[in-house]
K.L.:
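Mind having a look at this structure? Questions to follow.
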Amino acid sequence: MKTLKEIKELILKGDIIKLFSKDSGDKFHPSEIAALLNSVSLSEAWGIFNSFIGERQVTVFPFLGAYLQSQLIKKAADDQKRYILNHLRSNDRYAFLMSLKGLQRSSLLNFLDGENRKVTEKMLGYSPQSVGRLLNTQFVTLRKEMTIDEAMDYLRENQPDTDTADVIYVIDDKGHLIDDMPIRRLVLNHQKKTIADIMDNSYVCLQVNEPMGEAIAKFEQYDRSVLPVVTAENLLLGVVTIDDILDATQQRDTRQMQRFGGVESLEYPYVKTSVLSLIRKRAGWLIILFIGEMFTATAMGFFEKEIAKAVVLALFVPLVISSGGNTGSQAATLIIRALSVGELTVKSWFYVLRRELISGLSLGIILGAIGFLRITAWQKLGWYDYGKDWALMAVTIFFSLIGIVMWGTLSGSMIPIVLKKLKQDPATSSAPFVATLVDVTGLVIYFSIAAIVLHGTILK
């Protein structure tokens, strides 16, 4: 094993490949190798990766970033592609293929052998957010008639050395799951006992179409690191590990965060995405939001006469409009996250509506009172003269903030639920979108209240 000083010297000399020579390559964890490959140039990464034996390439490949994976597989020879793709775990192979464009994905499917292609195409047919997309088919099953001695011999010959080996599964003649048990139960019991003798006939499983959010809840509730996946008929299809669930959830949360910020989700990490691609991903939403903001100008033009009569109204437009956008973005953030983790469902809409009405009213009163006191203080201290009708102006701001903040909270909370009902991603009700919507409607609320309160005074 090379020392830290030797590793630093090799990196500084640019001779990185020597770090992973036959006598030292296996001393590094695959994630450590992947971290280094992700940080060097493509040519260096390919030189290192290509120097590994096939087995080592397979263990390192899943830890690489999606962009580097696609570039390395492009450079690989056909035999190399075939070996890597067929020896990856089914869920790792699926994750890689899903990161590719349709044409490239289809071409790589041709490198899979019959069974692997059948499994992969079946996984591609499952719902994108279901545990079926994370199936790992590298597992071994036992029959209850086996003795522990027979079972141990069978496991030694057939069980892959993976993180799914901690738990074994018992099935009947038709492949139905009837029990699961930790491997330690085999070790701690007498070898002459049968599997049926040590079964407790109790197990926890996931349905193949079960959403990932519900799967995470089961992992947490039962403190499991791996769970079996079954069909509606209880046929055992494979297993899913908590690591795979967390990785998939992290990718989903990243996409949602990007969409919530008004950006199309990126296929690759920010640093690996070209400037042209970034512009394309951001321009779409910016154009939509810009067009939306045009309606703000239209709304102000509609109240042009009121503004001309009372220019002081224009002073508070940024104040009242930003308050509505901010509260709307807050509500959208809370509801989208609650929907994501399963705290709320579409059926919870009335519960959310009641809570947000109360919250919006309370927050509106708080902000309205601050606005009222601000006008009063500036007028009394002589810092600004709002005219003889300053008190009515303060009342206008007070009620406008109540109305706009309530509208902001209702819009921010209901739009994600409506999108969820329409089978769309709630994250697309991004903070900029909610803010733009509230900007336009907030102006209408503000000037309508002003027209009522100030009628007969400065708005004659």
K.L.:
Is the shortest heavy-atom distance from the side chain of Glu210 to the side chain of Val229 under 4.5 Å?
P.N.:
no
K.L.:
In Å, rounded to the nearest 0.5 Å, how long is the span from CG of Asn234 to CD1 of Ile171?
P.N.:
11.0 Å
K.L.:
Mind checking the CG-NZ spacing from Leu419 to Lys423? Nearest 0.5 Å is all I need.
P.N.:
13.0 Å
K.L.:
Could you go through the side-chain contact (heavy atoms from CB on, under 4.5 Å) check for Ile242 and Arg224 one step at a time?
P.N.:
CA-CA 8 Å; Ile242 185 62; Arg224 297 294 185 90; over 6 Å; no
K.L.:
Decide yes or no on side-chain contact (heavy atoms from CB on, under 4.5 Å) for Met199 and Ile178, but give the supporting numbers first.
P.N.:
CA-CA 9 Å; Met199 286 171 47; Ile178 57 177; 4.2 Å; yes
K.L.:
Hey, could you give me the CD1/OG1 distance between Ile84 and Thr59, rounded to the nearest 0.5 Å?
P.N.:
10.5 Å
K.L.:
Check whether more than 12 heavy atoms from other residues, nucleotides or ligands sit under 6.0 Å from atom CD of Gln191, and answer yes or no.
P.N.:
yes
K.L.:
Please determine whether the number of non-hydrogen atoms from other residues, nucleotides or ligands lying under 6.0 Å from atom CZ of Arg184 exceeds 12.
P.N.:
no
K.L.:
Nearest 0.5 Å, please: how far is CG in Asp243 from CG in Leu134?
P.N.:
11.5 Å
K.L.:
Counting only heavy atoms not in Tyr203, do more than 12 fall under 6.0 Å of its OH?
P.N.:
yes
K.L.:
First locate atom CG of Leu363, then atom OG of Ser323, and finally report the distance between them rounded to the nearest 0.5 Å.
P.N.:
10.5 Å
K.L.:
Determine whether Leu236 and His176 make a side-chain contact, defined as any pair of heavy atoms from C-beta on separated by less than 4.5 Å.
P.N.:
no
K.L.:
Taking all non-hydrogen atoms of both residues into account, name the closest pair between Ala151 and Leu142 and its distance.
P.N.:
CB-CD1, 3.9 Å
K.L.:
Are side-chain heavy atoms of Leu72 and Gln57 found at a separation under 4.5 Å?
P.N.:
no
K.L.:
So, do Arg117 and Asn110 sit near enough that their side-chain heavy atoms are less than 4.5 Å apart?
P.N.:
yes
K.L.:
side-chain contact (heavy atoms from CB on, under 4.5 Å) for Arg143 and Ile195? Distances and angles first, verdict last.
P.N.:
CA-CA 7 Å; Arg143 299 293 179 87; Ile195 297 298; over 6 Å; no
K.L.:
Just wondering, do Ile73 and Leu100 contact through their side chains at under 4.5 Å, heavy atoms?
P.N.:
no
K.L.:
Is it the case that the side chain of Asp180 and the backbone of Tyr169 share a donor-acceptor pair, with hydrogens and angles ignored and the cut-off at 3.5 Å?
P.N.:
no
K.L.:
So does Asp179 pair up with Lys144, basic N to acidic O under 4.0 Å?
P.N.:
no
K.L.:
Scan side-chain atoms only and decide if Asn326 and Ser329 contain a donor-acceptor pair under the 3.5 Å cut-off.
P.N.:
no
K.L.:
Quick one: closest heavy-atom pair of Gly324 and Thr327, and the distance?
P.N.:
O-OG1, 3.0 Å
K.L.:
Between Val140 and Ile168, does the side-chain contact (heavy atoms from CB on, under 4.5 Å) criterion hold? Intermediate values first, please.
P.N.:
CA-CA 7 Å; Val140 174; Ile168 55 175; over 6 Å; no
K.L.:
Write down the atom of Ser413, the atom of Ala331, and the distance for their closest heavy-atom approach.
P.N.:
N-CB, 3.9 Å
K.L.:
Would you name the heavy atoms of Val434 and Ala332 that are closest together and state the gap between them?
P.N.:
CG2-CB, 4.2 Å
K.L.:
Could you give the distance from CD (Gln330) to OG (Ser359), rounded to the nearest 0.5 Å?
P.N.:
10.0 Å
K.L.:
Name the atoms and distances for all side-chain donor-acceptor pairs under 3.5 Å in residues 86-97, with sequence neighbours left out.
P.N.:
unit_1, atom_1, unit_2, atom_2, d
Asn86, OD1, Asp113, N, 2.8
Asn86, OD1, Asn116, ND2, 3.0
Asn86, ND2, Arg82, O, 2.8
Asn86, ND2, Phe111, O, 2.8
His87, ND1, Tyr83, O, 2.8
Arg89, NE, Asp92, OD2, 3.1
Arg89, NH1, Asp163, OD1, 3.2
Arg89, NH2, Asp244, OD1, 3.3
Ser90, OG, Leu135, O, 2.6
Ser90, OG, Thr137, N, 3.0
Asn91, ND2, Asp244, OD1, 3.0
Asn91, ND2, Asp244, OD2, 2.5
Arg93, NE, Thr120, OG1, 3.0
Arg93, NH1, Leu85, O, 3.0
Arg93, NH1, Leu88, O, 3.0
Arg93, NH2, Asn116, OD1, 3.4
Tyr94, OH, Arg133, NE, 3.4
Tyr94, OH, Arg133, NH1, 2.3

K.L.:
Looking only at heavy atoms, which two atoms of Trp349 and Met414 are closest? And how far apart?
P.N.:
O-CE, 3.6 Å
K.L.:
Please determine whether the number of non-hydrogen atoms from other residues, nucleotides or ligands lying under 6.0 Å from atom CH2 of Trp46 exceeds 12.
P.N.:
yes
K.L.:
Can you name the nearest heavy-atom pair linking Tyr446 to Ser400, along with the distance?
P.N.:
CD1-OG, 3.3 Å
K.L.:
So Leu401 and Ile370, do their side chains get closer than 4.5 Å, heavy atoms only?
P.N.:
no
K.L.:
Can you sort out the partners of Arg355 under salt bridge (Lys or Arg N to Asp or Glu O under 4.0 Å), two or more places apart, ordered by chain and number?
P.N.:
none
K.L.:
Report yes if some heavy atom in the side chain of Asn50 is under 4.5 Å from a heavy atom in the side chain of Gln80; otherwise report no.
P.N.:
yes
K.L.:
Is there a side-chain contact between Ile148 and His190 in this structure, where contact means two heavy atoms from C-beta onward sitting under 4.5 Å apart?
P.N.:
no
K.L.:
Counting only N and O atoms by type, is there a donor-acceptor contact under 3.5 Å from the side chain of Thr147 to the main-chain atoms of Glu150?
P.N.:
yes
K.L.:
With a 3.5 Å cut-off and sequence neighbours excluded, list the donor-acceptor pairs that the side chains of residues 212-222 form with protein atoms.
P.N.:
unit_1, atom_1, unit_2, atom_2, d
Lys218, NZ, Cys205, O, 2.9

K.L.:
Check the surroundings of atom CG in Asn158: do more than 12 heavy atoms from other residues, nucleotides or ligands lie under 6.0 Å from it?
P.N.:
yes
K.L.:
Checking the side chain of Thr409 only, and the main-chain atoms of Met406 only, is there a donor and an acceptor separated by less than 3.5 Å?
P.N.:
yes
